[in-house]
Amino acid sequence: MTLRLQMLGTGGAFAKKYFNNNGLLYAEDYTLLIDCGITAPLALHTLGKPLDEIDAILITHIHGDHVGGLEEFAFRMKYGFGKKPVLYIADKLVRPLWENTLKGGLSQDGIIDSLDDAFEVRLLTEGQIERVSPGLSVEIIQTPHIPGRASYSLYFNGEIFYSADKTFQPELLTRLVRERNCRKILHEVQLTGPGEVHTTLQELLSLPPEIQTKILLMHYGDEMESFIGKTGEMDFLRQHEIYTL
Ligand SMILES: Nc1ccn([C@@H]2O[C@@H]3COP(=O)(O)O[C@H]3[C@H]2O)c(=O)n1
Ligand SMILES: [Zn+2]
Ligand SMILES: [Zn+2]
């Protein structure tokens with residue numbers, strides 16, 4: 001099954017030239033929204049994409065640039081379309097997403113008292129492949145980002161790796177390419193400064209060309225244009241363009 005990807009945005013958390021790093025993944029007529037950050041509602045509006053054309057949302061972790069648009073999404077689906085959005089989420093993220101992020105704004109006594117009242121929740125477990133639609137499966141892979149906080153990268157159809165925000169994990173990337181048929185890697189990048197909770201361009205440039213050629217870079221800062229031609233065998237993913245993966 002050929003997947004297509006259209007990023008709503010390719011910016012890092014504080015980018016102003018680019019929307020938050022959230023993507024629409026198309027598998028035939030099924031549309032999955034990967035992460036729904038603060039700018040997702042505006043980016044969808046800019047693309048002319050109505051909310052009810054999205055079949056499900058999947059979130060990687062609970063930073064604002066990945067979940068900050070969920071409150072608006074849920075309210076508009078409920079009061080605008082009379083529907084509950086489908087939400088794919090790692091079991092370990094349910095409690096923090098509800099208790100620490102959404103409860104304050106979304107809860108209404110007797111109407112919305114839990115995440116299940118606002119979303120059609122579908123739990124994901126590490127190591128288990130979930131069939132999202134006839135042409136789309138996903139496996140979550142926990143990858144390090146903020147110490148002590150869970151964050152999950154995604155492996156689609158056993159061949160496409162989509163990194164969550166994460167530190168550099170060369171062994172994982174090498175294993176996916178050499179042992180698990182990985183054809184394409186959508187990877188976050190930090191262009192300047194120390195990585196700390198992200199993967200730096202310098203780190204990705206240390207990968208062998210065989211892996212770099214599979215990588216498209218995303219979640220970058222406003223300085224991206226000045227790095228064109230300086231990314232080895234890797235290219236930048238551009239927001240709103242549709243890529244066949
Ligand atoms: N220890 C941390 C934690 C957070 N941050 C910054 O805050 C952003 C939150 O969203 P993000 O996309 O994960 O990027 C994080 C860092 O820019 C950071 O730089 N160092
Ligand atoms: Zn982020
Ligand atoms: Zn993050």
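Order of appearance sets the numbers: ligands from 1, and atoms from 1 within every ligand. Below, each value reflects all heavy atoms present in this structure, side chains not excepted, and no hydrogens, waters or symmetry copies. A quick note: this is a predicted structure, and the numbers were derived from the prediction, not measured.
- For His63, the N/O/S atom at the shortest distance from the Zn ion (ligand 3) is named ND1.
- Summary: NE2 is the N/O/S atom of His61 found nearest to the Zn ion (ligand 3).
- Ligand 1 is approached by His198 to a heavy-atom distance shorter than 4.0 Å.
- Counting heavy atoms under 4.0 Å from ligand 1, residue His219 touches it through the side chain alone.
- Applying the 4.0 Å criterion to heavy atoms of Ile146 picks out, from ligand 1, the atoms 3 (C).
- Nearest to atom 11 (P) of ligand 1 by heavy-atom distance, out of Asp165, Val197, Asn21, is Asp165.
- The nearest protein atom to atom 7 (O) of ligand 1, hydrogens excluded, is given as Phe14 CZ, 3.4 Å; this is a heavy-atom distance.
- Inspection of the Glu223 and Thr192 side chains reveals an N or O donor paired with an N or O acceptor under 3.5 Å.
- Ser137 and Ile129 make their closest contact through CB-CG2, 3.8 Å (heavy atoms, listed as atom of the first residue, atom of the second, distance).
- For the pair Ala13 and His219, the tightest heavy-atom approach, listed with the atom from each and the gap, is N-CE1, 3.8 Å.
- Residue Asp65 has at least one heavy-atom neighbour below 4.0 Å for each of these atoms of ligand 1: 10 (O), 12 (O).
- No side-chain donor-acceptor contact under 3.5 Å links Asp65 to the backbone of Asn22.
- Distance check for His219 against the Zn ion (ligand 2): an N/O/S atom falls below 2.8 Å.
- Taking distance alone, with nitrogen or oxygen atoms compared against 3.5 Å, His61 stays at or beyond that limit from ligand 1.
- Side-chain contact between Ile59 and Leu87 is present, with heavy atoms from C-beta onward closer than 4.5 Å.
- Using a cut-off of 2.8 Å, one finds that Asp165 contributes an N/O/S atom close to the Zn ion (ligand 3).
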Checklist entry - Can Met1 and Leu136 be said to form a side chain to side chain contact (heavy atoms under 4.5 Å, CB included), step by step? => result CA-CA 8 Å; Met1 158 66 59; Leu136 182 63; over 6 Å; no
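- His66 contributes NE2 and Asp65 contributes OD2; the angle these two atoms make at the Zn ion (ligand 2) is 90°, rounded to 10°.
- Taking only nitrogen or oxygen atoms, main chain and side chain alike, His145 reaches within less than 3.5 Å of ligand 1.
- Look at Glu210 and Arg178 and you find a salt bridge, because one of the NZ, NE, NH1 or NH2 atoms lies within 4.0 Å of a carboxylate O, short of that distance.
- Nearest heavy-atom pair, Arg180 versus Ile141, reported as atom, atom and distance to 0.1 Å: NH1-CD1, 4.5 Å.
- Between Leu186 and Phe156, the closest side-chain pair of non-hydrogen atoms is not below 4.5 Å.
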